[in-house]
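What follows is a single structure, written as C-alpha cells, with notes after it.
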Amino acid sequence: MFYLTTAIDYANGDPHLGHALEKIGADVIARYRRMRGDDVHFLIGMDEHGQKVAQAAADEDVTPQALVDRVAERFQAMWERLGISHDQFIRTTSREHIAGVYALIERIFERNPDDFYEKSYAGRYCVGCEAFKTDSEIKDDRCVLHPTRILEWVEERNWFFRLSRYQDFLRNHFAAHPGFLGPDSRRNEILALLDQGLEDVSASRARLTWGIPFPRPTRDGEAQTTYVWFDALPNYLTATGFPDPSFTRRWPAQLHVIGKDITRFHCVIWPAMLQSAGLPLPHAVWAHGFVTLAGGERFSKSAGVRVELAEAVERYGPDAFRYFMLREVPFDGDGAFSWERFEERYNADLANAFGNFASRTIAMVERYFGGVVPSGRPNEIDDADAADYVRYGEALDGSRGYLIQEALRCVWLTVARGNEYVDRSAPWKLAKDPAQRATLESVLATLVRQLIRQAVHLAPVMPERAEELWRQLGAPGSVHAQRFGAPLAAIDPAGWRVVRGDPLFPKEKEPSALSR
RNA sequence: GGCAGGGUAGCUCAGCUGGUUAGAGCACGGCACUCAUAAUGCCGGGGUCGCGGGUUCGAGUCCCGCCCCUGCUACCA
C-alpha cells in the first residue's frame, strides 16, 4: 500500500497557484506509483475550522458550515479540472474526522496521561489576528500586521501537549531515518530546531468558536475547542477510518507531501502526537517549495493572488499547465510563474519538440506505410532511452527525494534524441529508394517505440495528452494501464494502425495576442 | 543578531573530493533539410564564474574578509 497525502487546504479563500502546485506534484507521484503497480491511496482535503473561517462566514452573514461547503466545492471542481487523481477527499468538518480526533486525543489520555496538562497561557493578544503574538511579531507594542490596534494582555487556561518530552525521541528518529524528511535543507532546519529545544504546545483554546470540542473540560469545567494541531494534522489518520481497527490497512502513510512552511508541524508536532498515542509514524515527509511571481513575490494564503489559477489552467489546458508548473518550479525549491516563461515552455518543449515529434512520426507512418506501424527490432536508440528512463525513475521513486523536474528533463532527452534521429536517418530519402525499404521500416518502428515510451512516462504528468497520443498511435487499451520497465520494453507496435489527429499542443495563430 | 543555503552566458541552472580553450536548455544569429504544428538538425556569437586578498605549479572549485539574496529562528495555517 502506498498511502500518500497532501496538506489539507485552509478553507478561507479560493485555490491558487500554490495549492495547485502541491496537488499536481503529489498527483504525479500517485500516478507514477500506480504505473509501477503499487496499490495507491491518494488523499487530499480541506482544513475547515478556525477563527478565520468563522470570521469570513460572519462577514458574509452565512454559517461557517455553509461557507466551507461552498469553498470545498470550488476546490474540488478545480482538482477535477486539473486531473487530480485523488482517491479520497477529507474535510475536517466531517463526522468521521471529528470522531477520529476524539479517539486520538482519548488514546493519548489513556496511554500517556501526563502528555496533556492544563496551564495558564498569558500573552499579548491581537484582536485583529485573533491570536497571541510573539515578541518577533510585535513592534512598538503593536502587532506588525495591525499597527492601529492595541494589543491586549490576555490570560487563559488551556490544555497543553507535552511536546518537550519528545525531543530526544524525535532526534533519534531523524538519526535513524535519514529519509524521513526531505529535501535536506528542510531536514537541517528541523534538526536545528530540535537542538534548540522544544516547548510544549497548546492543544485547546477557550475563545475558539469554530472547531472540534476538546473531549475533556478543564478542571474548572470549561468546555474548550481543539486547537489546530489536534484538529488538522490528524486528518491523515482519521481518513483511514481510525479508530476502526481496519485503519492499519492504510496507516502509516508512506508520504506526506506538504509545503515547506508547515514542515515543523508535520515533522515535529505530528510525529510526537503519534508517538504519544502509540501509533506508527509516516515513512516520509516531502516539503516542496513555492510558486513565486516574476517579481519574486511569494504566493501564500495571506498574499494577494496575482495570477488567476483558472485563467492559467484554461489558456493552454490543464496538461500544459501541469507540465509548466512541474518543469519550471523544482519540487525541492521555489520557482517563478510568468506568462512569458509559460509561452516559451509551451512553444519550445510541448509544441515544437515533443508535439511535433509525434506529428512528424505519425505522418510518416501514414505516408510511407499507409498508417500501419512497420516491424523493427530495438536498437541503440532504445538502449540510450532506457538509460534516461532509469534516471527518470530515480527522480520519482523517492530514493533521492521527489525531483519531478529532473524526470521531465529525462523524457525530453529522449525527445531530442528522436528528432535528431529523424534528421540523421532522413526517412524521406529512404522512401524514394525501394532498396532501402527495410531500413525505412526500422527507422519508423524505432520512432514509434520512442513515442510509446514517452506517452507512458509522461502519463503521470500529462494524463490527458498522453492518452491522446496513445490513441493516435493506435495503441490498445489505456496508457494509464501500462507498467514501466520490462512490460513497457516488451511492447511491439508492429501492425498498430496510427490515427492522425490534431496536434497535441497546437500553437496559437497570433502569439503576440497571448503576451502580456 | 544566530544557524543554513546561495550569488556562473539575456533567462533558468549544471559544474563531484582544485587541473587541458568554463558547460546545458531556452532566447538570439547563420547554414542545411522538407517527414512535421514556418516544425527539426547542424554551426555560432555571448560569461572580469558577487567584490578584495591569500594558499598552490595551477582555483568557479580550498582559506580569510566584505557586499547582496533566500530560508529557519514555534501556536494564522
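Since we're looking at a predicted model, the values are computed, not measured. Lettering follows sequence order; numbering is per chain, from 1.
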Show me the protein contacts with nucleotides 29-34 of chain B, counting only N or O atoms at under 3.5 Å.
none

Let's see if you can work this out: which of [options] has an atom nearest to the side-chain heavy atoms of [X]?
{"X": "A/Arg341", "options": "B/A77, B/C11, B/A36", "value": "B/C11"}
{"X": "A/Leu504", "options": "B/U37, B/A77, B/C26", "value": "B/U37"}
{"X": "A/Tyr10", "options": "B/A77, B/C35, B/G71", "value": "B/A77"}
{"X": "A/Arg360", "options": "B/C35, B/C26, B/U37", "value": "B/C35"}
{"X": "A/Met364", "options": "B/U40, B/C35, B/U37", "value": "B/C35"}
{"X": "A/Asn419", "options": "B/G71, B/U37, B/U40", "value": "B/U40"}

Practice problem: May I ask you to list the residues of residues 190-200 of chain A, by number, that have any heavy atom positioned under 4.0 Å from an atom of RNA chain B? | Solution: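 RNA chain B contact set from residues 190-200 of chain A: A/Gln196, A/Gly197, A/Leu198, A/Glu199, A/Asp200.
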Quiz item: Hey, does the side-chain of A/Asn356 have a donor or acceptor N/O within less than 3.5 Å of a partner on the base of B/A36?
Solution: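 Pair found.
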Exercise. For A/Ala426, check side-chain contact (heavy atoms from CB on, under 4.5 Å) against everything at least two apart and list the hits.
Key: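 If we apply the side-chain contact (heavy atoms from CB on, under 4.5 Å) test to A/Ala426, skipping adjacent residues, the hits are A/Trp428, A/Lys429.
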Quiz prompt | Check: A/Phe174 and A/Val268 side chains under 4.5 Å, non-hydrogen atoms | solution = no
Quiz item: For A/Arg70, which residues count as a side-chain hydrogen bond (donor to acceptor under 3.5 Å, both in side chains) partner, sequence neighbours excluded?
Solution: A/Glu60
Hey, does the side chain of [X] come within less than 4.0 Å of [N]'s phosphate (OP1/OP2), counting only N and O?
{"X": "A/Lys507", "N": "B/A39", "result": "yes"}
{"X": "A/Arg500", "N": "B/U37", "result": "yes"}
{"X": "A/Asn188", "N": "B/G5", "result": "no"}

Interatomic distance at [atom1], [N] relative to [M], whole Å:
{"N": "B/G53", "M": "B/U17", "atom1": "C1'", "answer": "25 Å"}
{"N": "B/C63", "M": "B/C26", "atom1": "P", "answer": "35 Å"}
{"N": "B/C51", "M": "B/U61", "atom1": "P", "answer": "11 Å"}

Quiz item: So what does A/Trp229 touch, heavy atoms closer than 4.0 Å: a base, only the sugar-phosphate, or nothing?
Solution: base
Practice problem: Identify whether any heavy atom of A/Arg345 sits under 4.0 Å from a base atom; if not, whether one sits that close to sugar-phosphate; answer base, sugar-phosphate or nothing. | Solution: nothing
Quiz item: Is it true that a side-chain atom of A/Asp200 and a backbone atom of A/Leu163 form a donor plus acceptor pair closer than 3.5 Å?
Solution: yes
Quiz item: Any sub-3.5 Å donor-acceptor pair from A/Asn158's side-chain atoms to A/Phe160's backbone N or O?
Solution: no
Self-check item: By salt bridge (charged side-chain N to carboxylate O under 4.0 Å, His left out) - contacts of A/Arg74 (at least two apart)
Solution: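 Testing A/Arg74 for salt bridge (charged side-chain N to carboxylate O under 4.0 Å, His left out), a comparison that skips the adjacent residues, returns A/Asp14.
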Self-check item: Results of salt bridge (charged side-chain N to carboxylate O under 4.0 Å, His left out) for A/Glu118 - residues two or more places apart only
Solution: A/Arg157
Quiz item: Looking at A/Glu420 and A/Arg417, does any basic side-chain N land under 4.0 Å from a carboxylate oxygen?
Solution: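 The answer is no: the pair does not qualify as a salt bridge.
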Quiz item: Between A/Tyr402 and A/Phe331, is the gap from one ring center to the other below 6.0 Å?
Solution: no
Exercise. Using heavy atoms to find the nearest nucleotide of RNA chain B for A/Phe354 and A/Ser185 separately, return the residue whose nucleotide is more 5′.
Key: A/Ser185
Quiz item: Do you know the tightest heavy-atom contact between A/Pro215 and A/Thr226?
Solution: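 Reported closest heavy-atom pair: CD-OG1, 4.4 Å.
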